[in-house]
Q: 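I am attaching a structure below and will ask some questions about it afterwards.
Keep in mind it's a predicted model, so treat the numbers as computed, not measured. All chains are named by letter (A, B, ...) in the order of the sequence lines, taking the proteins before the strands, and each is independently numbered beginning at 1.
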Amino acid sequence: MTLNQVFFGYFAFVIVLTSLLVVTRKNPVHSVLWMLIMFFHVAALYLFLNAEFIAAIQIIVYAGAILVLYVFVIFLLNLKQEIGDEQRVGEWPVGLAIALSIGLLMLIPMAGIKVGMMGKWGVKAIEDETHTVALGKVLYTDYLLPFELASLILLVAIVGAVVLSKKKKKVEGQ
Amino acid sequence: MELGYPILSTVIFLPIIGGLLLLLISRANESVIKWGALAVSIVTFVVSLPLFTNFDKTTHLMQFTEGGPHKWIAAWNIHYYVGVDGISVLFVLLSTLITILCILISWNSIKDKVKEFYIALLMIEGSMIGVFCSLDFFLFYIFWEAMLIPMFLLIGVWGGPRRVYSAIKFFLYTLVGSVLMLVGIIVLYKQAQTFNILEMMSRSYPYKLQLMLFWAFFAAFAVKVPMFPVHTWLPDAHTEAPTAGSVILAAILIKMGAYGFLRFSIPMFPDAAKAMMPVMLGLSVVAIIYGGIICLAQTDLKRLIAYSSVSHMGFVTLGIFAFNSQGVEGGILQMINHGIVTGALFLCVGVIYDRTHSRVIADYGGLATPLPVYAGFFLVFTLASIGLPSMNGFIGEFLIILGGFKASKLVGVLAATGVIIGAAYMLWLYQNVFFTEVNDKVKDLKDMNGREILTLLPLLILVFWIGVYPNSFLSFMHVSVSHLLEKVNYGASADMNLAQIFIDLIR
Amino acid sequence: MQYPDLGPIMPEIAFIAAALVVLMLELVIKRKEAIGFLAIIGIAVAMFYMKGSFGATFQSASNPQEFMFVSDGYSAFFKVIFFVNLFMSILISLKYLKIEDSLKGEYFSLLMLSTSGMMIMASSGDLIVLYLGLELMAMSTYILAGFMRNNTRSNEAAIKYFLLGAFSSAILLYGVSILYGLTGTTNIYRLAGLVAAEDVHSSPALLLSVVMIIVAFGYKVAAAPFHMWAPDVYEGAPTSVTAFMSVGPKAAGFAVMGRVFLISLSSYKVEWTTILIPVAILTMAVGNIVAIAQTNIKRMLAYSSIAHAGYAMLGIIAGTRMGLAAMMNYLLVYAFMNVGAFAIVIMLRSNVVKGDELSDYQGLAKSNPLAAALMLVFMFSLTGIPPTGGFMGKFYIFMSIIDAGYIWLAVVSVVFSAISAYFYLRIVVLMYMKDQEKVPELSLSPALSLSLIISFVMVIAMGILPSAFIDVARVVSLIL
Amino acid sequence: MVPLSWYLVLSAIVFVLGMLGFLMRRNIIIMFLSVELMLNGVNISLVAFSHYMQDLRGQVLVFMIIAVAAAEAAIGLAIIVALFRNKPTVHVDEMSELRG
Amino acid sequence: MEYYLLIPFLPLAAFFINILLGRKILKTASHWISTLAVFGSMVIAYITVAGVIKGNTINADLYTWITSGSDFRVSVGFLIDQLTAVMLVVVTTVSFLVHVYSIGYMHGEDGYYRFFAFLSLFTFSMLMLIMSNNLLQLYFGWEAVGLCSYFLIGFYYEKKSAADAGKKAFVVNRFGDFGFGLGVIIVFLTLGTLHYLPVFEGIGGLQEKTLNIFGAQVDLITVIALLLFCGAVGKSAQVPLHVWLPDAMEGPTPVSALIHAATMVTAGVFMVARLNPIFNLSPFAMAVVAIVGGITALFAATIALVQNDIKRVVAYSTVSQLGYMMIACGVGAYSAGIFHLYTHAFFKALLFLAAGSVMHAMAGELDMQKMGGLRKYLPVTYWTMLIASFSIAGFPPLAGFFSKDEILWLAFNGGSVGKVAWGMGAVAAVLTAFYSFRLIYVTFHGKFRGTEEQRHHLHESPKVMTVPLIILCVGAIASGWIGIPQLLGDVVGLHHSNWFAHFMEPVLGHPDVHASHSTEWAVMALSIAIAVTGWLVAVWFYLRDPGIPRRLAKEHPFIYKLLWNKYYVDELYDVIIVRASKGVAKHIMVGLTDSQIIEGIVNGVPRAIGWFSEQLRKLQTGVTHRYASIMAAGLFLAFVLMFIKLWS
């Protein structure tokens with residue numbers, strides 16, 4: 001077993017463990033925190049896969065922005081009382097069974113995948129340009145359209161957030 | 001043949017356009033609407049008359065055809081193509097005539113949503129005629145289905161107490177049947193690559209396909225006829241519909257099923273039709289007897305007549321599937337006859353229903369005393385329904401039984417029993433309504449007025465016209481029917497040496 | 001560095017620009033109806049550019065094979081459907097939102113952004129673009145569903161739609177990732193050749209991927225058993241949004257289904273039909289059968305829309321050019337008739353009457369014969385009775401499916417079609433054959449009337465003179 | 001060298017755990033988190049594929065997914081906030097006014 | 001101009017005039033139209049008959065009635081030969097007399113115009129029947145007379161029994177027509193035509209042909225003959241379809257006289273005679289005809305013994321006499337049958353009209369037990385009726401004697417079947433004499449047993465009624481003289497002994513007689529003895545010792561009840577046909593198949609779908625997890641399906 005594999009084993013173990021904790025903790029705040037740990041480990045895995053930029057945004061965007069948003073909302077909603085309630089839906093065994101069977105069915109095909117054709121961005125090519133530059137090049141040439149679209153989606157998100165969470169207007173004209 | 005105007009399109013679309021024009025008339029002007037509808041229907045009838053006078057009886061080809069090469073939906077090779085032959089021409093005339101009578105009989109009885117009523121009626125007329133004229137299968141199907149909508153409304157809006165149930169039942173029953181036909185049509189199209197009926201007929205199809213398609217079409221046509229196990233919509237629909245609705249149902253609409261058999265099932269799937277002959281004959285006989293006997297237990301005037309339709313239409317299908325010229329011609333003539341007679345009977349019931357608002361036989365009795373003229377009319381139609389010689393029913397039934405007997409002795413014998421049963425229930429009905437002591441409820445009723453007499457008179461004349469000189473109608477069919485039978489590969493040779501064949505059959 | 005040719009994508013650019021303008025102007029314009037009008041101008045502008053965008057792809061300079069965006073007749077046809085849907089939805093919204101006290105400028109820009117998402121989906125040449133278009137459309141629709149934010153039902157609709165939508169996107173992404181892993185590309189057209197390769201074709205992972213993609217698309221078009229959200233969301237969302245949602249995202253879903261299944265996975269047809277056929281049957285069954293028990297018209301129309309998804313799916317299953325044309329034609333008819341029906345539903349919503357219970361329709365023929373007559377036409381069209389467009393649509397679908405050899409499937413679907421008559425007829429029965437208890441006060445507006453006129457005329461026109469529409473659909477279905 | 005299949009199995013496990021959470025938990029926020037888990041599962045496989053195929057497309061997709069996830073979180077949380085104002089609960093099974 | 005066309009069409013015109021104008025315009029003057037029309041056709045008929053006697057038979061088509069296919073062609077046409085001529089005389093004469101009689105009898109009735117209209121229509125139909133030259137037109141007339149009979153029986157339609165009787169007559173006849181119609185069809189199918197002459201020519205070629213009926217090979221001609229005979233059984237009220245005729249007495253008496261005695265009911269006999277070339281070729285069918293005739297003669301006579309209703313007695317006597325005619329046809333003595341038909345028309349019409357006269361006097365009373373001693377009040381009626389009774393009983397030299405004697409004689413000669421028939425006929429003859437005189441004695445002799453009011457009302461009928469009685473009485477006496485047996489020689493001076501048989505020979509042929517003159521004398525003597533016996537018994541029972549009948553009834557209650565209830569045939573039919581079919585209709589068809597089975601499916605499927613819909617609806621709980629789980633389950637199932645597909 002190479003060192004790489006040992007490290008992978010560690011990260012994988014932590015990722016799975018924290019994932020499990022995320023979906024089982026009663027207190028949403030705890031879940032968010034376990035998730036944070038998981039995100040760091042995922043980012044570390046990305047580093048293994050020569051994807052430094054992705055690892056960075058995993059931490060910056062996911063951990064830094066999204067999760068913080070979650071925490072805000074959780075505090076905003078003040079869910080103290082809810083924590084004491086039953087956390088699983090009544091039919092949870094059904095959900096469990098279905099999810100596990102899907103998981104079982106997925107494992108074998110997933111493990112057996114043979115990758116398709118090779119691209120030109122080998123480790124060497126990326127290291128030559130650094131990952132950020134490489135990804136940037138691709139993003140701004142071939143993937144310009146998706147990139148722009150992503151911005152549009154973010155715009156929608158802004159508009160949506162404003163529209164939906166604005167406080168009730170004082171009734172007009174009365 | 002040159003008429004100066006496209007006669008069939010005019011006859012189809014005049015009522016439809018007339019109906020649309022009625023939309024423009026204000027709801028308040030009821031009398032304008034009525035007179036307008038009447039005018040449209042009369043003009044349509046007059047316009048359709050050249051079909052009778054100018055028809056060339058010496059050819060089996062389609063006549064008065066229009067729009068042959070003109071494509072309607074090019075992508076699917078669909079044409080607007082109409083025409084009539086000896087089989088269909090009489091139904092067009094019957095439709096135009098019956099509509100006038102329907103408008104007349106509804107004159108005072110429809111008081112609610114008057115405008116919609118007459119529009120619906122004219123729409124039905126247009127689509128009915130369209131069904132009989134279409135030479136494109138797709139066009140045919142459009143008219144066939146389009147008719148459901150106004151008919152559904154006619155039953156459901158202006159009908160009796162259980163109208164909603166009956167209307168939905170009618171609609172679903174017929175829809176289920178016709179969607180299966182739709183699949184059949186498409187499968188046929190896949191084979192023939194055209195919807196042109198004449199071209200479809202000129203091809204031959206593999207036996208298995210024929211069989212499959214025969215049953216697909218059977219679903220649609222048998223429900224419409226209605227044949228035995230799928231007849232139960234008919235009593236409800238006939239009973240609950242307003243008079244005009246019952247008349248149209250009885251006189252025209254249920255003919256479409258039998259017409260469909262003649263126009264499509266038999267010429268397109270001759271082998272399957274021949275193979276299925278015993279089944280069809282069997283179902284027809286069951287319908288004749290079952291429909292007849294069940295009449296004996298009816299307590300509702302319209303329901304009884306409705307069940308009698310089942311029996312009479314059994315004769316029609318029997319004749320058609322006997323596959324000999326007597327049977328088929330008798331069948332066609334019987335369709336006309338049944339249209340006239342049952343239509344007239346429903347008109348008659350409408351006359352009395354307007355006065356009493358009751359359909360229960362027990363509410364009547366002794367009507368002949370206060371309403372002698374009415375009794376006379378009803379009597380004539382009753383007797384025509386029984387099939388008395390010199391009236392139209394006899395000619396049709398005799399030819400059918402003759403044809404049926406030729407096809408199968410047992411079937412002929414059983415069908416003939418229908419004649420006995422028919423006499424029993426119709427006379428029972430007549431007796432209970434018109435004879436015996438005068439019921440207090442009907443003592444002071446007024447006899448028919450001029451409008452009502454005018455409504456029934458044309459049918460009365462037709463009853464005797466067909467009965468005494470049926471040739472003026474039968475002559476339309478000869479060539480077309482013999483052509484049809486040649487197609488079934490049965491007619492021509494069988495007819496020429498019929499006695500010999502029968503003796504061979506006897507052995 | 002070469003500047004890419006923006007020609008193919010000009011309609012989208014113009015349209016999105018219009019959406020942004022609308023979003024900005026909302027801040028200054030007080031009369032919100034004017035914003036609706038602006039949105040319509042946006043449609044007109046986009047339509048103007050669409051003329052020049054035919055038959056081209058938007059691609060990067062570096063790799064001509066890696067185009068992201070296809071502007072062909074197929075997508076153009078769908079864009080027309082989206083525009084029709086948007087246009088009609090705007091027309092029916094104006095009065096309704098006023099009554100609901102939710103008339104805000106963002107509403108129109110969100111409708112437009114959602115529509116641009118659909119346009120991108122229809123035109124996507126790459127799974128990445130497809131995903132983003134889908135998300136753009138979906139996110140806007142989530143917001144629209146919850147637009148009446150003070151209404152718990154609207155909130156509930158939004159949350160359900162959102163949760164399940166996110167769930168299905170995750171599944172889609174997993175499918176896409178496997179496809180990517182197996183082939184090394186995400187381009188829809190290049191996938192076609194790669195999937196056909198022996199070792200990819202026989203890989204069980206491909207099955208996994210296809211199933212996941214079917215599930216995700218099935219969710220978007222509300223096909224059973226992934227339809228469960230639809231009735232709840234349709235009922236809870238503002239009625240005008242329901243009208244919008246029941247046509248647009250569905251059509252967009254079919255657009256991408258057509259492209260992905262018939263191009264990328266065309267060599268895998270035997271396998272995906274194995275799933276799609278049961279799904280289609282189940283969809284028709286659930287849609288038509290459960291609709292019978294409904295008492296709320298929006299809910300009933302939701303089930304009806306599920307059922308219609310089943311019919312449209314038959315076009316995909318046929319897998320031929322004809323099937324595709326049939327599906328497109330069907331969706332166009334469906335846009336008109338469904339929005340028309342919703343227009344009537346909206347018409348019944350007044351300050352006093354909620355208007356979405358079936359019993360509200362009682363006696364409509366008496367109090368408002370015209371509205372009843374229009375509803376009658378729409379109902380019969382949805383049932384598929386000639387001479388309405390609905391019939392022609394269904395006919396084409398059945399024709400294509402039979403042409404492809406699935407006669408039994410056609411029989412099954414016509415039977416369901418007959419069953420559907422039962423609940424559509426119920427509306428007609430209520431309108432025409434029941435006595436009225438209260439006189440429903442209709443909220444008419446010129447815009448609403450216009451939308452009704454358009455849908456009525458189109459439904460009839462497509463029934464009587466379908467040739468033009470069919471020919472277009474046939475021509476543009478040339479992608480195969 | 002770590003084989004690709006390890007990453008893929010890991011991604012599948014994370015994905016399924018996310019699904020598990022989604023199907024079992026009644027708290028909306030945790031359901032959101034579960035979706036994020038599922039997306040992370042997808043991301044792991046995409047980055048792994050990308051690496052092993054020496055192709056950046058997968059990473060572009062991951063980039064997009066992260067952006068969309070952010071947007072999704074914003075909208076989703078906004079919806080929750082709006083909902084919570086009208087009905088103070090985060091339990092999704094209590095939101096079943098619409099049914100049948 | 002074919003003047004003979006006026007014979008049927010004059011009455012038809014009268015019918016139309018009366019039915020259209022009678023109610024509002026003609027009213028009580030309606031009889032003029034009809035009577036004149038019938039008189040006109042009678043005159044023309046006589047002229048035509050004179051022509052026939054000279055040998056000018058007519059066979060001409062008027063127009064083609066029905067064509068179908070290349071082979072089916074039937075015309076409306078007329079055949080006037082010797083047989084038709086006899087019928088013409090009978091029909092027009094009796095019809096005319098009845099018309100005249102009805103003027104008095106029906107005076108003041110509601111629907112006076114209607115009565116005459118239908119009487120004219122009947123005359124028309126009957127004439128069409130006898131003048132037809134093909135089977136289908138015969139069938140037309142056949143049904144049309146039935147129809148008129150229906151109307152006229154139900155003339156007093158407000159009385160339920162009258163309406164019922166009319167319906168019964170029609171429906172029972174339909175049973176017969178059922179067979180008749182099938183017979184016509186088989187004739188067409190085997191011979192390709194329905195016109196008499198070609199049929200008669202072609203029928204010979206069918207000998208030895210058989211028909212396969214459920215596997216059994218049956219002689220074709222026998223089948224045809226028997227089916228055609230079914231019609232005759234119905235129309236001529238032969239056992240077992242005789243039940244309608246006694247009930248038909250609900251109609252006005254002139255109708256009974258015309259339709260149910262003289263003309264329509266004899267149509268069956270006419271038809272068998274007309275189609276004799278067919279029957280002649282089937283000995284079996286002939287035997288059936290003879291035996292049915294014999295049974296009918298005997299059966300009806302026994303019933304007539306105990307009936308009290310004056311018209312019913314006469315009606316049963318009619319049935320019985322029709323049986324005689326059938327016996328004649330069955331033994332091949334068609335001309336004898338027709339001869340009896342012809343004489344019977346006179347004396348039976350007379351009996352009915354006289355009975356009508358009695359009723360007229362008794363204000364509608366029909367029960368003989370309430371009459372008695374009417375002789376002095378109704379002398380004309382009494383005497384004419386008495387003569388008619390002697391005639392029917394077969395007293396020489398009255399008309400009935402010759403015709404009946406000829407039948408019995410020829411039956412006696414007709415082989416073993418004929419012998420049996422003769423036996424039955426002879427017994428029936430005794431009974432005939434007995435009940436005929438019973439009628440006379442109970443009605444006209446003894447004391448009046450009616451109410452005081454009735455006695456007050458008793459009076460002889462007006463001239464318009466009695467004159468026809470007298471004319472018919474002349475017929476009852478003298479009409480037989482044209483057929484005096486050869487044995488007695490040419491008594492009347494017609495240049496031919498048994499002129500009638502000679503006249504009919506071209507059409508009907510004549511049976512071979514091999515017996516000696518002495519046998520014939522013996523049989524004739526026996527006939528007379530029989531008649532006298534019957535008469536004497538009646539005299540003894542009803543004039544000498546009126547207690548006997550009641551004692552007999554007491555001693556043999558079973559037989560009495562059986563006869564009184566007409567052998568329970570009506571009740572039997574009621575159970576096995578009327579009730580059974582109504583029961584089937586009500587309980588099985590309406591109650592089970594239609595409402596339960598077919599409607600069960602028709603309504604059950606939607607109901608099942610509705611139920612299913614409700615169940616599926618419950619799946620939609622509104623809980624998001626449920627939806628997600630179902631989605632995921634769908635995903636899972638799709639996987640499984642795919643894998644199964646892949647590895648199968």
Q: Can you check whether A:P28 reaches D:N27 side chain to side chain, under 4.5 Å on heavy atoms?
A: yes

Q: In terms of heavy-atom proximity below 4.5 Å to chain A, should D:E36 be classed as side chain, backbone, both, or neither?
A: both

Q: Nearest 0.5 Å please: distance from the CZ atom of D:R85 over to the CG atom of A:L77.
A: 10.0 Å

Q: Given a strict heavy-atom distance threshold of 4.5 Å, which part of A:L49 is in contact with chain D: side chain, backbone, both, or neither?
A: both

Q: Is the shortest side-chain heavy-atom distance between D:L37 and A:M35 below 4.5 Å?
A: yes

Q: Answer yes or no: is there a side-chain heavy-atom contact under 4.5 Å between D:L56 and A:I126?
A: yes

Q: Mind checking whether A:F147 and D:F63 have parallel, tilted or perpendicular rings, split at 30° and 60°?
A: parallel

Q: Can you tell me which portion of A:L67 sits under 4.5 Å from chain D's heavy atoms? Options are side chain, backbone, both or neither.
A: side chain

Q: Give the member of A:A157, A:G160, A:A161 that has the highest number of heavy-atom pairs under 4.5 Å with chain D.
A: A:A157

Q: What is the distance from atom NE2 of A:H30 to atom CD1 of D:I30, rounded to the nearest 0.5 Å?
A: 10.5 Å

Q: Indicate the atoms forming the closest heavy-atom contact of D:V9 with A:A111, along with that distance.
A: CG2-CB, 4.0 Å

Q: Is chain D contacted by the side chain of A:M117, its backbone, both, or neither, given a heavy-atom distance below 4.5 Å?
A: backbone

Q: Would you say that D:L8 contacts A:I113 through its side chain, given a criterion of any heavy-atom pair below 4.5 Å between the two side chains?
A: yes

Q: Within a strict 4.5 Å, meaning less than it, do heavy atoms of the A:L96 and D:L23 side chains meet?
A: no

Q: Any idea which of A:V162, A:V123, A:L164 has the most non-hydrogen atom pairs under 4.5 angstrom with chain D?
A: A:L164

Q: If I compare all heavy atoms of D:A69 with all of A:I66, which pair ends up nearest, and what's the gap?
A: C-CD1, 4.0 Å

Q: Looking at chain A, which one of D:R25, D:M53, D:H51 has the largest number of heavy-atom pairs inside 4.5 Å, strictly under?
A: D:R25

Q: Please tell me if the side chains of A:F7 and D:V2 come closer than 4.5 Å, counting only heavy atoms from C-beta onward.
A: no

Q: Do the non-hydrogen side-chain atoms of A:L76 and D:F84 ever get within less than 4.5 Å of each other?
A: no

Q: With a 4.5 Å limit on heavy-atom distance, are the side chains of A:Y62 and D:N43 in contact?
A: yes

Q: Give, as side chain, backbone, both or neither, the part of A:M110 having an atom under 4.5 angstrom from any heavy atom of chain D.
A: both

Q: Could you look at A:V42 and say if it's the side chain, the backbone, both or neither that has a heavy atom under 4.5 Å from chain D?
A: side chain

Q: Do you know which two heavy atoms are closest between A:M118 and D:Q54, and how far apart they sit?
A: SD-CG, 4.4 Å

Q: Heavy-atom distances under 4.5 Å only: say whether D:L17 touches chain A with side chain, backbone, both or neither.
A: both

Q: Answer with side chain, backbone, both or neither: which region of A:V159 has an atom nearer than 4.5 Å to a non-hydrogen atom of chain D?
A: neither

Q: Can you say whether A:K114 sits under 4.5 Å from chain D via the side chain, the backbone, both, or neither, judging by heavy atoms?
A: neither

Q: Quick one: what part of A:L149 sits under 4.5 Å from any heavy atom of chain D, side chain, backbone, both or neither?
A: neither

Q: Please report the shortest heavy-atom distance between D:Q59 and A:N50, naming the atom on each side.
A: NE2-O, 4.5 Å

Q: Do any N or O atoms from the side chain of D:R57 and from the backbone of A:V138 form a donor-acceptor pair under 3.5 angstrom?
A: no

Q: Which region of A:A125, side chain (C-beta onward) or backbone (N, CA, C, O), has a non-hydrogen atom less than 4.5 Å from a non-hydrogen atom of chain D, or is it both or neither?
A: neither

Q: How far apart are the closest heavy atoms of A:S31 and D:L33, and which atoms are they?
A: CB-CD1, 3.8 Å

Q: With a sphere of 6.0 Å drawn around NZ of D:K87, does it hold more than 12 non-hydrogen atoms of other residues, nucleotides or ligands?
A: yes

Q: Do you know which of D:V92, D:L10, D:V81 has the most heavy-atom pairs with chain A at a distance under 4.5 angstrom?
A: D:L10

Q: Which bit of D:F15 is near chain A, if near means a heavy-atom gap under 4.5 Å: side chain, backbone, both or neither?
A: side chain

Q: Select one option (side chain, backbone, both, neither) describing which atoms of A:F8 are under 4.5 Å from chain D's heavy atoms.
A: side chain

Q: Using a 4.5 angstrom heavy-atom cutoff, name the option from D:A70, D:A67, D:S50, D:P3 with the most pairs to chain A.
A: D:A70

Q: Knowing that exactly one of D:I80, D:L77, D:I29, D:V90 qualifies, which makes a side-chain contact (heavy atoms from CB on, under 4.5 Å) with A:I74?
A: D:I29

Q: I need the residue from A:G103, A:S19, A:G9 with the largest number of non-hydrogen atom pairs under 4.5 Å to chain D.
A: A:S19

Q: Do you know the tightest heavy-atom contact between D:L20 and A:A99?
A: CD1-CB, 3.4 Å

